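Start at 1 with the first residue, then count along the sequence. What you see below is based on every heavy atom in this structure, not just the backbone, and it leaves out hydrogens, waters and symmetry mates. In this text the structure is predicted, and so the values were computed from the model without any measurement. Remember, it's 1-based here, ligands and their atoms both numbered in the order they're listed.
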Amino acid sequence: MLTPADYTARLLAAVEPLAPVRVPVGQVADWLGRVLAEDVRAEVAVPAFDNSAMDGYAVRADDLTNPPATLPVVGDIPAGDTRAHRLGVGEALRIMTGAALPAGADAVVQVEFTDGGAQQVRIDRAVGAGTAVRRAGSDLRPGDPVVPAGVRADARHTAAIVSCGVREVTVHPVPRVAVISTGDELRAPGEVLEPGQIVDSNGPMLAALVRQAGFEVARVQRIGDTAQDVRAALADLAGVDAIITSGGVSAGAFEPLKAAFGAGSEVTFSSVAMQPGKPQGFGVVDGRPLFALPGNPASSFVSFVLFAAPVLRRMAGRDSAIRTTMARAAETWRTSPGRMQVARVTVDRRHPGDLEVRPAGGASSHLTGGLAGADALALVPAETDQVAVGDRLGIIDLEGEFC
Ligand SMILES: Nc1nc2c(c(=O)[nH]1)N[C@H]1C(S)=C(S)[C@@H](COP(=O)(O)OP(=O)(O)OC[C@H]3O[C@@H](n4cnc5c(N)ncnc54)[C@H](O)[C@@H]3O)O[C@H]1N2
Ligand code: MOO
């Protein structure tokens with residue numbers, strides 16, 4: 001049996017980040033959340049023009065050296081005013097925050113330091129040149145680095161990227177994933193079930209995992225138990241960057257993935273020393289990674305988090321690593337010997353820095369109720385047959401993107 005770490009390394013070695021694409025900067029939804037493949041550098045000065053930091057009056061500082069002073073107000077400059085204003089000696093222009101500083105002015109007096117007059121204004125104090133003026137280029141100058149390649153664009157980067165004058169942003173696409181459930185026993189959620197039939201819960205669950213981890217769902221499909229069903233589902237992969245199947249990878253008489261991909265084909269079936277999630281298939285089919293995950297719901301779930309998500313992150317240009325937080329077992333439980341247990345646990349966060357975990361239901365891989373009540377996956381090393389109270393375990397939070 002392979003260790004989970006060796007298996008992950010094998011999968012990661014099989015993929016590259018998706019080829020970068022150029023996206024118009026205005027199509028924010030098409031680059032936000034994606035990893036920049038090239039540095040973003042400012043192409044214009046931000047702000048583009050000297051402007052007022054306050055609502056008040058544009059003045060010449062030299063006209064106020066002997067306060068108080070009363071100056072005629074020769075006009076108004078609201079933000080967005082595109083007219084070219086000029087301020088003469090001994091004059092004031094009423095100006096709003098963000099409006100361009102008129103030629104001839106070198107300072108702004110905020111309205112609170114005046115009588116607020118519209119025809120003429122009495123100004124009670126002197127101001128230095130540059131007061132309440134935001135200079136062109138004081139935020140970014142042409143050529144300044146804005147966000148380097150390798151960073152995943154998020155909210156904090158957005159204002160700078162859309163303001164700095166670039167027309168396009170170059171990003172790695174987010175992988176689009178086809179989710180395929182195999183099994184003649186499966187029916188769509190909401191359908192009436194005959195005896196022996198079950199709801200296809202892996203399809204919706206894996207699609208939800210794909211989205212939660214930050215990727216796109218290309219399609220969700222349910223197919224039967226034959227090799228032909230598998231081949232038909234994979235015949236047209238336009239718009240698909242990766243494939244996740246569930247079921248059909250163990251030792252039964254009807255194992256469609258194994259039937260479709262026999263020995264020597266592009267998909268290899270392996271046993272990984274973990275519970276749940278022992279039987280796994282992986283290969284590159286038509287240039288796209290295919291993850292053949294085990295059918296039991298908890299097995300599919302942990303296989304996605306441990307194996308598929310890191311590979312998809314790598315395809316998206318992201319860090320593939322899974323970061324774990326340490327927690328302390330608050331209960332004793334047994335685990336399968338010789339396999340790393342990926343335990344569904346609840347997390348007691350009452351003492352930050354000293355998290356406590358307890359099993360969320362049993363360890364069997366068909367249990368969806370316990371999964372629904374879990375907050376995290378705890379990784380119990382293969383050498384541990386019994387978790388003792390106080391044992392320290394790495395946990396993966398189930399509320400985020402699993403990384
Ligand atoms: N003789 C052996 N039997 C099994 C072994 C083994 O080593 N030898 N391994 C067991 C382990 S571990 C796992 S995990 C499962 C993996 O089974 P498959 O991937 O072949 O999946 P299926 O047989 O199709 O289904 C297993 C189980 O999961 C249910 N299932 C499948 N698909 C879905 C779905 N889309 N939604 C909800 N539930 C699904 C299915 O009904 C079965 O109950 O094999 C063990 N057996
Ligand atoms: O590996 Mo299976 O996923 O233990 O139940």
Check: Would Ser201 count as a contact of ligand 1 if the rule is a heavy atom under 4.0 Å away?
Finding: yes
Item checked: Sub-4.0 Å atoms of ligand 1 with respect to non-hydrogen atoms of Lys278 -> 7 (O)
Check: Numbering the atoms of ligand 1 from 1, which are under 4.0 Å from a heavy atom of Glu255?
Finding: 20 (O)
Next item on the list: Indicate whether atom 16 (C) of ligand 1 is within a distance of less than 4.0 angstrom of some protein heavy atom.
Entry: yes
Item checked: Side-chain donor/acceptor of Arg344 to backbone N/O of Ala363, under 3.5 Å -> yes
Next item on the list: Just go through Gly295, Ser181, Ser250 and tell me whose heavy atom is the nearest to atom 23 (O) of ligand 1.
Entry: Ser250
Checklist line | Contact atoms of ligand 2, heavy-atom distance to Pro279 under 4.0 Å | finding: 1 (O)
Item checked: atom 12 (S) of ligand 1 - nearest protein heavy atom and its distance -> Pro279 CD, 3.9 Å
Item checked: atom 5 (O) of ligand 2 - nearest protein heavy atom and its distance -> Ser365 OG, 2.4 Å
Next item on the list: Would you please say whether a donor-acceptor pair under 3.5 Å links the side chains of Gln341 and Ser336?
Entry: no
Notebook entry, point to check: Which atoms of ligand 2 have any heavy atom of Gly277 under 4.0 Å away?
Noted result: 1 (O), 2 (Mo), 3 (O), 4 (O)
Check: Considering only protein heavy atoms, which is closest to atom 4 (O) of ligand 2, and at what distance to one decimal place?
Finding: Arg339 NH2, 3.2 Å
Next item on the list: Specify the closest pair of heavy atoms between Leu237 and Val285, including all atoms of both residues, with the distance to one decimal.
Entry: CD1-O, 4.4 Å
Item checked: More than 12 heavy atoms from other groups under 6.0 Å of CD on Glu112 -> yes
Note to self: As an exercise, identify every atom of ligand 1 less than 4.0 angstrom from a heavy atom of Ala251.
What the structure shows: 1 (N), 2 (C), 8 (N)
Next item on the list: State whether a side-chain donor-acceptor pair under 3.5 Å links Ser270 with Arg10.
Entry: yes
Check: Under 4.0 Å from any heavy atom of Lys278, which atoms of ligand 2 are there?
Finding: 1 (O), 3 (O)
Checklist line | Per-atom contacts of ligand 1 with Val199, taking only distances under 4.0 Å to non-hydrogen atoms | finding: 36 (N), 37 (C)
Next item on the list: Identify, by atom number and element, the atoms of ligand 1 in contact range of Asp200, meaning under 4.0 Å from any of its heavy atoms.
Entry: 34 (C), 35 (N), 36 (N)
Item checked: Closest protein heavy atom to atom 41 (O) of ligand 1, given as residue, atom name and distance to 0.1 Å -> Glu185 OE2, 2.9 Å
Notebook entry, point to check: What residue and heavy atom of the protein are closest to atom 32 (N) of ligand 1, and at what distance?
Noted result: Asn202 ND2, 3.5 Å
Notebook entry, point to check: So which of Gly248, Pro256, Ser271 gets nearest to atom 22 (P) of ligand 1, if we judge by its closest heavy atom?
Noted result: Gly248
Next item on the list: Considering heavy atoms of the protein only, find what lies nearest to atom 43 (O) of ligand 1 and give residue, atom and distance to 0.1 Å.
Entry: Asn296 OD1, 3.9 Å
Notebook entry, point to check: Hey, which atoms in ligand 1 end up nearer than 4.0 Å to a heavy atom of Ile198?
Noted result: 37 (C), 38 (N), 39 (C), 41 (O)
Next item on the list: Output the list of atoms in ligand 2 that are nearer than 4.0 Å to some heavy atom of Asn296, sorted by atom number.
Entry: 5 (O)
